[in-house]
Every structure is written in C-alpha cells, then in structure tokens.
Amino acid sequence: MKKYDAIMIGFGKGAKTLAGKMAANGSKVAMIEKDAGMYGGTCINVGCIPSKSLVRSSGLSALDEKASFEEKAEKYRLAIEEKRRVTSMLRGKNYSKLADHPNIEVILGDASFVSNKVVQIEADGETFEIEGEKIFINTGGTPVIPPIEGLAGNPYVYTSATLMDLDQLPQHLVIIGGGYIGLEFASMYSGFGAKVSVVQDGETFIPREDRDIAEAIKGALEAKGVSFYLGAKTEKVETGEGRAVVRLNWQGQEVALEAEAVLAATGRKANTADLQAEKAGVELDKRGAVIVDEKLKTTAENIWAMGDAKGGLQFTYVSLDDFRIIWSQMNGGQYSQAIRKNVPYSVFITPSFSRVGLNEDEARKAGYNVKIAKLPAAAIPKAQVLKSTTGLLKAVIDADTNQILGAMLFCEESYEMINIVKLAMDLGADYHVLKEQIFTHPTMSEALNDLLDV
C-alpha cells in the first residue's frame, strides 16, 4: 500500500492549491479525481469560466439585432467551440501543474473511505488502496434534479453543466428554477436569440434581494424577452418529437410550454454520496454536506473539507479561502471561518448584479438605524459610453457609525466595483472614504462618488 503525507479527494480550487503548497514544502501528495474532464474543479470546467465565456459571446451576439435565428445559431455554435477551447486549455494547465510535480501523484479513479487514513480507489476496472496521514475532501457539488415526473432521463432536459455542451441553439429554452444560476442562463440564451421562459414555484422573485433591486432585475430580463411564470407548479415534463413539453399549473390554468431544451436549475448539493464517509468517522448533514468546525476540520481528527463539499457559499473563491484557513492552521496561524469577512457575489446577467453585506430589509430587521443611497445606472457617464444604462445601484449605511453595511450594484462592471466596496467594509471605513475617493474617469467605479453622496 502506497503511503502519502496527504491525500486530496477532488481536484477543486482549494485542494489543488493546498496540494501545490504542501508538495513545494516536501510533502508527498496524492490527488484523486474521478473525472478527467474535471481537472481544476467545477469553476474551470462546468461553472464560472465556461459560462462567462458564453456570457461574453452572448453579449456580442445580442448587438446584432437584425441577424436571423439561423445566423445567431451559428454564432452560438462558434461560442460553444470557443468555450471548449478555453476550458480545455485551462484544464490542461491545471493538470500539468500538479502532475508534473515530483512530489504529487495524480490518480484518475473513484475514491471512497476504508478508514480515516485509508482510501480505496477504483480505476480501469481495478481496485487498490492508499494511505494518508492527512486527508482533504474537495469533491465539489452536483446539480439537484427535483422529483418532477418525466424530468429525469429526458433527452431534452439539461443541467447547467450539460446545457453548455449543447451545440444547437434551442429556439425555446424553459428554465425550471428562478435562482441565480437560472437567471444567468436566461440572460445568456436570450442574448443568443432563444426564447426563454423561467418557471419558479415561489411567488416572490429572488426573495433574498430587496424588492426594488429584484424588480429592476426582472424588468431588465423581461426587456430582453424573458418570460416569467412565478408561483407555477411544474406538473410533469413530457417527451415529444424533437422537443419537450413542460406542463404547468399557473394562476389556476394549465399551461403547456414546448421547448427544444429544458434546464433544471433548482440548486446544487454536496457531491459526497459515494465517499462512504461514515467509514472514516466523517459526519454529513441531512443534505449530504460534510460537517466541519470553524477551521474546516471534520469529525475525524485528520480529515478536512473544503469548498462546496462542506455546504455553505458555493463560490470558487470561497474554496480558495478555505485553503487559506487550512494552510494557516498547518503553519501555526489562527485564520478561520469565524474571521472571514464580507463575501461578495456576482450574477453575470446583462448588466451584471453584484452584492456584498446586508440589504435594506436585513439591516432594518437587525435593528440598524440606516440611511439608504440609490443611483440609477443611467446617471453614470461610463454607462452612457458603454450604451448600457439599465440598472440601479444601492448602498445601506449605518447612520450611527457611517460604516457601509451592504451594497447592491446592478450595472455594467459591477463585478469589479463590488470589490472596492468590500475592501472599505473590511477596513471598517467611513463611507465618506469612497464618497470622496479620487477615481479615474470615465469609469463605472467613480459612480461610488455619486451613490454615496448622502
């Protein structure tokens, strides 16, 4: 039985970074990945990188309003090819970075626990075991397929990962689920020229956001031709000739939506079902996520978990920060989840939506004395230059301390701007620091001067 200082289960952002660090310091590391198409993790292969490649191509396609559907379908096909090129290139770089290191062995196979130090691997019809002093779980997440009749196994039903490998642009795309992933695909595919319908069981559109922001986002998507069926119950999905039929009960009526593609975008769960974690003394919660403490240690003394596998925020930059937590404790530091500060997120619709901290509703419920700042995106000179004036910027300020409690930016380049706000919040800065900051011109970031002029 081969023995290693560390075993990584899953080639995700946190594990690959930790593997490189440990190997550079002389540790012998085994990196196990069950899918050769997933070297580098979800983000690079089936998440943020391929989807953002398609978002960019979709935006360029949307500029040609006079193009026929056939012409747009060809642009879509070329965009899928470009997406594959980018992901293949990055996947290869990630594999080589570890596989070429003399202290790292990359093993392609299915891993499961035998004990807290022994891992069994099934590869190419063979089974063998390896032993590790420390073991790290970074197996990512997997889409949740809801128990809707006719959904599972339907040839016209896709997940967020498989839809991005569809070569032919669907004339009609039905998205089951109105969360952020579903909205990104709604914006993307409507930009390519598809008719898009979003079906959501809840009556409230993106309920975690303030209503003014939610309505601004909904209006922008509707302006692109996206239709919403809120408060709809999906009864079943039938397989027709060359298409699916999604049957709904909506507003007391039976509705049938015929579509060449259906996207199931109803969330993700931890990818831990095949680990046999109980054999290692690793406890999972009811959703299958690995239970960890503030320093990401599991219920087994020598096993840690990172990224989506442990539940919580599902972002690649959180997985990277998980690496920082583990590396800190391995080197005598004290960094932990409890110390982690404001985590921003961006939704890559058009224009993008980014947020950090509390929204207005949350701040008021928490008892803060707040003042609210708002600015329409049309008031930003750079938005006029970009010919993208749709949107709304909003900030929530503690009126007693002048500190920023949160910001919601629905505008072009918000994914860059939000990082500036996060930094100010992390530093506990008075909002006047951004209000009076000298920004270059014309930029979207200088909008923070006007937004915070309250």
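Every value quoted in this text rests on a predicted model; they were computed, and no experiment measured them.
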Has Glu436 got more than 12 heavy atoms of other residues, nucleotides or ligands less than 6.0 Å from its CD? yes

How far apart are the C-alpha atoms of Leu221 and Ser187, what are their side-chain angles, what is the distance that settles it, and do they pass the side chain to side chain contact (heavy atoms under 4.5 Å, CB included) test? CA-CA 7 Å; Leu221 289 169; Ser187 179; 3.8 Å; yes

Between Ile176 and Leu151, is any pair of side-chain heavy atoms under 4.5 Å apart? yes

Side-chain donor-acceptor contact under 3.5 Å, Ser227 with Ser197: no

Please determine if Arg85 and Glu82 form a salt bridge, counting it only when a charged side-chain N lies under 4.0 Å from a carboxylate O. yes

Any heavy-atom pair between the side chains of Leu60 and Ser57 that's under 4.5 Å? no

Main-chain N/O of Met188 paired to Ser58 side chain as donor or acceptor, under 3.5 Å: yes

Please walk me through it: do Asp322 and Lys310 pass side chain to side chain contact (heavy atoms under 4.5 Å, CB included)? CA-CA 10 Å; Asp322 288 348; Lys310 71 179 195 317; 2.7 Å; yes

Taking Lys52 first and then Glu184, would you say they form a salt bridge - that is, a charged N and a carboxylate O separated by under 4.0 Å? yes

Look up atom CG in Leu320 and atom CE in Met306, then write down how far apart they are to the nearest 0.5 Å. 10.5 Å

Shortest non-hydrogen pair, Lys341 vs Asp426, comes out as NZ-O, 2.9 Å

A quick test of your reading: do over 12 heavy atoms of other residues, nucleotides or ligands sit less than 6.0 Å from NZ of Lys134? no

Between the main-chain N or O of Gly288 and the side-chain N or O of Thr272, is there a donor-acceptor pair closer than 3.5 Å? yes

Taking Asn45 for the side chain and Tyr39 for the main chain, is one N or O donor matched with an acceptor at less than 3.5 Å? yes

I'd like to know if the side chain of Asn116 pairs up with that of Asn302 as donor and acceptor (distance under 3.5 Å, no hydrogens or angles considered). yes

Are any side-chain N or O atoms of Thr390 and backbone N or O atoms of Ala220, one a donor and one an acceptor, separated by less than 3.5 Å? no

Enumerate the ring pair (Phe, Tyr, Trp, His ring centres under 6.0 Å) contacts for residues 164-193, please, sequence neighbours excluded, ordered by first and then second residue. Tyr76-Tyr189, Tyr76-Phe192, Tyr180-Tyr345

Mind running side-chain hydrogen bond (donor to acceptor under 3.5 Å, both in side chains) on Tyr431 and Lys371 for me, showing each step along the way? CA-CA 11 Å; Tyr431 78 91; Lys371 55 182 175 181; 3.0 Å; yes

Would you check if Asn419 and Pro344 make a side-chain contact, meaning some heavy-atom pair closer than 4.5 Å? yes

Can we say Arg247 and Glu238 salt-bridge, meaning some charged N sits less than 4.0 Å from an Asp/Glu carboxylate O? yes

Counting only heavy atoms not in Lys21 (residues, nucleotides, ligands), do more than 12 fall under 6.0 Å from its NZ? no

Just wondering, do Lys16 and Ile44 contact through their side chains at under 4.5 Å, heavy atoms? yes

Just to verify, what does Glu362 make a side-chain contact (heavy atoms from CB on, under 4.5 Å) with, not counting sequence neighbours? Arg355, Leu358, Asn359

Can a donor-acceptor pair be found, under 3.5 Å and without considering hydrogens, that links the side chain of Asp210 to the backbone of Asp361? yes

Under a 3.5 Å cutoff, is there a donor and acceptor pairing between the side chains of Asp321 and Tyr335? yes

Kindly check if the number of other-residue, nucleotide or ligand heavy atoms within 6.0 Å of CD1 (Ile339) is above 12? yes

Counting only heavy atoms not in Lys34, do more than 12 fall under 6.0 Å of its NZ? no

Taking the side chain as C-beta and beyond, is there a heavy-atom pair between Lys13 and Cys43 under 4.5 Å? no

What is the distance from atom CD of Gln171 to atom CZ of Arg243, rounded to the nearest 0.5 Å? 7.5 Å

Enter the distance from Ile397:CD1 to His432:NE2 here, rounded to the nearest 0.5 Å. 8.0 Å

Side chain Ser319, main chain Gly14, donor-acceptor under 3.5 Å: yes

Below 4.5 Å, heavy atoms only, C-beta onward: do Trp327 and Met22 meet side chain to side chain? yes

Between the side chains of Asp165 and Arg84, is the shortest nitrogen-to-carboxylate-oxygen separation below 4.0 Å, so that they form an ion pair? yes

Between the side chain of Ser352 and the main-chain N/O of Phe348, is any donor-acceptor distance below 3.5 Å? no

Below 4.5 Å, heavy atoms only, C-beta onward: do Ile9 and Leu275 meet side chain to side chain? yes

Do the side chains of Asn138 and Leu18 get nearer than 4.5 Å, heavy atoms only? no

Partners meeting side-chain contact (heavy atoms from CB on, under 4.5 Å) with Ser88 (sequence neighbours left out): Arg91

Does NZ in Lys295 sit with more than 12 non-hydrogen atoms of other residues, nucleotides or ligands closer than 6.0 Å? yes

Go through Glu283 and Thr298 one step at a time and tell me if the side chain to side chain contact (heavy atoms under 4.5 Å, CB included) criterion holds. CA-CA 7 Å; Glu283 294 183 14; Thr298 71; over 6 Å; no

If you count the non-hydrogen atoms of other residues, nucleotides and ligands that lie under 6.0 Å from NZ in Lys297, is the total more than 12? yes

